[in-house]
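I have placed the structure first, in the form of structure tokens, so that the comments after it can refer back to it.
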Amino acid sequence: MSTTTGPESPDALLGPADIRELAAALGVRPTKQKGQNFVIDANTVRRIVRTAEVRPDDVVVEVGPGLGSLTLALLEAADRVTAVEIDDVLAAALPATIQARMPARADRFALVHSDAMQVQELPGPAPTALVANLPYNVAVPVLLHMLERFPTIERTLVMVQAEVADRLAAKPGNKVYGVPSVKANWYAEVKRAGSIGRNVFWPAPNVDSGLVSLVRRTEPLATTASRKEVFAVVDAAFAQRRKTLRAALATWAGSPAAAEEALVKAGISPQARGEALTVEEFARIAEAKA
């Protein structure tokens with residue numbers, strides 16, 4: 001009688017002992033430099049998959065799968081999973097882990113050995129969801145790159161450092177509202193989707209983590225300005241966030257007077273500050289530039 005571990009088996013997921021055993025066999029020591037903190041709790045990865053509302057017909061892309069904790073939980077729930085891994089040792093080992101622990105789903109898994117920031121295409125069907133545990137130092141640029149490059153991604157759930165989660169989900173007027181908040185909102189409705197404690201990671205980080213949900217806008221933002229034009233205004237506005245927009249946008253517009261003219265045309269007070277503006281208002285400023 002076969003004892004093949006299928007996706008329905010609770011033993012398919014990795015526990016703390018499995019993670020340490022795998023890491024030891026590969027000679028892997030998690031490094032702060034790469035922001036590596038491996039999830040060692042099966043309940044946490046299942047919770048992430050539930051919160052991400054992964055469906056049986058989803059094609060999920062995962063960035064930074066590490067030893068495969070979340071990957072296995074995603075494979076249980078999705079139609080297929082494509083993992084993007086930059087680390088040579090981890091990328092080489094992951095397919096074998098999938099084959100050993102979930103052989104019935106191994107043909108539903110693909111690996112892309114690359115820096116996520118360099119990925120321009122993915123194998124197989126277009127991704128419908130992005131679910132990832134993103135390291136602190138690259139979380140925002142990786143997230144924005146994936147949303148921009150793969151417009152078929154409808155739903156995203158990322159686990160990031162709590163401080164980054166707060167920034168991404170912040171609304172205008174909040175003191176941590178800034179460039180990540182506005183740019184993420186260009187693509188999606190963004191909200192905090194929960195907190196994750198330190199004890200579910202190995203090694204345990206010095207900070208708490210948070211889940212952020214991003215549901216792509218069904219209709220793109222109504223503006224004649226391009227994404228690059230709008231993002232240029234956002235970058236300029238927050239480069240000197242304590243200054244009024246008239247002053248902060250002077251270089252972008254060509255002069256303080258030109259900045260004021262664009263702001264007035266957009267219906268925004270030249271004395272306002274970037275932290276008070278919605279992404280729609282930034283788009284209006286981009287449109288108003290002479």
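Below, each value reflects all heavy atoms present in this structure, side chains not excepted, and no hydrogens, waters or symmetry copies. Each residue takes its place number in the sequence, starting with 1.
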Nearest 0.5 angstrom please: [X] [atom1] to [Y] [atom2], how far?
{"X": "Met102", "Y": "Leu74", "atom1": "CE", "atom2": "CG", "answer": "9.5 Å"}
{"X": "Ile40", "Y": "Ser69", "atom1": "CD1", "atom2": "OG", "answer": "8.5 Å"}
{"X": "Glu148", "Y": "Arg227", "atom1": "CD", "atom2": "CZ", "answer": "4.0 Å"}
{"X": "Asp107", "Y": "Ile98", "atom1": "CG", "atom2": "CD1", "answer": "12.0 Å"}
{"X": "Leu111", "Y": "Thr82", "atom1": "CG", "atom2": "OG1", "answer": "9.0 Å"}
{"X": "Leu94", "Y": "Asp87", "atom1": "CG", "atom2": "CG", "answer": "11.0 Å"}

Which heavy atom of [X] sits nearest a heavy atom of [Y], and at what distance?
{"X": "Ala165", "Y": "Arg192", "value": "CB-NE, 3.5 Å"}
{"X": "Ala288", "Y": "Ala262", "value": "CB-O, 3.3 Å"}
{"X": "Ile86", "Y": "His113", "value": "O-NE2, 3.4 Å"}
{"X": "Arg101", "Y": "Ala12", "value": "NE-O, 2.9 Å"}
{"X": "Val49", "Y": "Ala77", "value": "CG1-CB, 3.6 Å"}
{"X": "Val131", "Y": "Ala52", "value": "CG2-CB, 3.8 Å"}

[X] (side chain) donor-acceptor with [Y] (main chain) under 3.5 angstrom:
{"X": "Thr152", "Y": "Pro127", "answer": "yes"}
{"X": "Tyr177", "Y": "Val182", "answer": "no"}
{"X": "Asn37", "Y": "Pro203", "answer": "yes"}
{"X": "Asp18", "Y": "Glu21", "answer": "no"}
{"X": "Gln118", "Y": "Asp115", "answer": "no"}

Is [X] linked to [Y] within one hydrophobic cluster, defined over Ile, Leu, Val, Met, Phe, Trp and Tyr using a side-chain heavy-atom separation of less than 4.5 Å?
{"X": "Tyr136", "Y": "Val179", "answer": "yes"}
{"X": "Phe150", "Y": "Trp186", "answer": "yes"}
{"X": "Val59", "Y": "Val112", "answer": "no"}
{"X": "Val207", "Y": "Val176", "answer": "no"}
{"X": "Val215", "Y": "Met146", "answer": "no"}

For Glu121, does the CD atom have more than 12 heavy-atom neighbours from other residues, nucleotides or ligands under 6.0 Å away? no
Taking the side chain as every heavy atom from C-beta outward, state whether [X] and [Y] have any pair of such atoms under 4.5 Å apart.
{"X": "Leu249", "Y": "Val233", "value": "yes"}
{"X": "Leu67", "Y": "Leu90", "value": "yes"}
{"X": "Val140", "Y": "Arg167", "value": "no"}
{"X": "Val60", "Y": "Val54", "value": "yes"}
{"X": "Val138", "Y": "Pro135", "value": "yes"}
{"X": "Asp79", "Y": "Pro56", "value": "no"}
{"X": "His145", "Y": "Pro141", "value": "no"}
{"X": "Lys243", "Y": "Arg273", "value": "no"}

Restricting to side-chain contact (heavy atoms from CB on, under 4.5 Å), what partner residues turn up for [X], sequence neighbours left out?
{"X": "Arg241", "answer": "Phe238, Glu275"}
{"X": "Ala258", "answer": "Ala253, Ser255"}
{"X": "Val200", "answer": "Asp41, Thr44, Ile196"}

List in chain and number order the residues that pass salt bridge (charged side-chain N to carboxylate O under 4.0 Å, His left out) with Arg80, two or more places apart in sequence or in another chain; answer none if no residue qualifies. none
Could you tell me which residues satisfy salt bridge (charged side-chain N to carboxylate O under 4.0 Å, His left out) with Glu280, sequence neighbours excluded, listed by chain and number? Arg217
Would Glu62 and Val84 satisfy side-chain contact (heavy atoms from CB on, under 4.5 Å), going step by step from the backbone distance to the final call? CA-CA 6 Å; Glu62 180 190 8; Val84 180; over 6 Å; no
Using side chain to side chain donor-acceptor pair (under 3.5 Å), reason through Glu287 and Thr223 one step at a time and then give a plain yes or no. CA-CA 7 Å; Glu287 285 180 18; Thr223 177; 2.6 Å; yes
Go through the steps to decide whether Val119 and Arg149 satisfy the test side-chain contact (heavy atoms from CB on, under 4.5 Å), and finish with yes or no. CA-CA 8 Å; Val119 170; Arg149 192 72 198 94; 6.0 Å; no
Assess the residue pair Ser209 and Phe201 against the criterion (side-chain contact (heavy atoms from CB on, under 4.5 Å)); give the C-alpha distance rounded to whole Å, side-chain angles, the decisive distance to 0.1 Å, and a yes or no. CA-CA 10 Å; Ser209 297; Phe201 295 98; 3.7 Å; yes
Begin from the C-alpha positions of Leu277 and Val234 and carry the test side-chain contact (heavy atoms from CB on, under 4.5 Å) through to its verdict. CA-CA 10 Å; Leu277 269 56; Val234 175; over 6 Å; no
Ion pair Arg46/Glu76, N-O distance below 4.0 Å: yes
Would you call Asp235 and Lys183 a salt bridge, taking side-chain N to carboxylate O under 4.0 Å as the test? yes
Residue pairs fulfilling salt bridge (charged side-chain N to carboxylate O under 4.0 Å, His left out) with at least one residue in residues 152-162, sequence neighbours excluded: Arg55-Glu154, Asp58-Arg155
Can you classify the ring geometry of Trp202 versus Phe38 as parallel (below 30°), tilted (30 to 60°) or perpendicular (above 60°)? tilted
Pick one: which of Glu189, Glu53, Lys191 meets side chain to side chain contact (heavy atoms under 4.5 Å, CB included) with Ser213? Lys191
Can Gln271 and Arg246 be counted as having a side-chain donor-acceptor contact under 3.5 angstrom? no
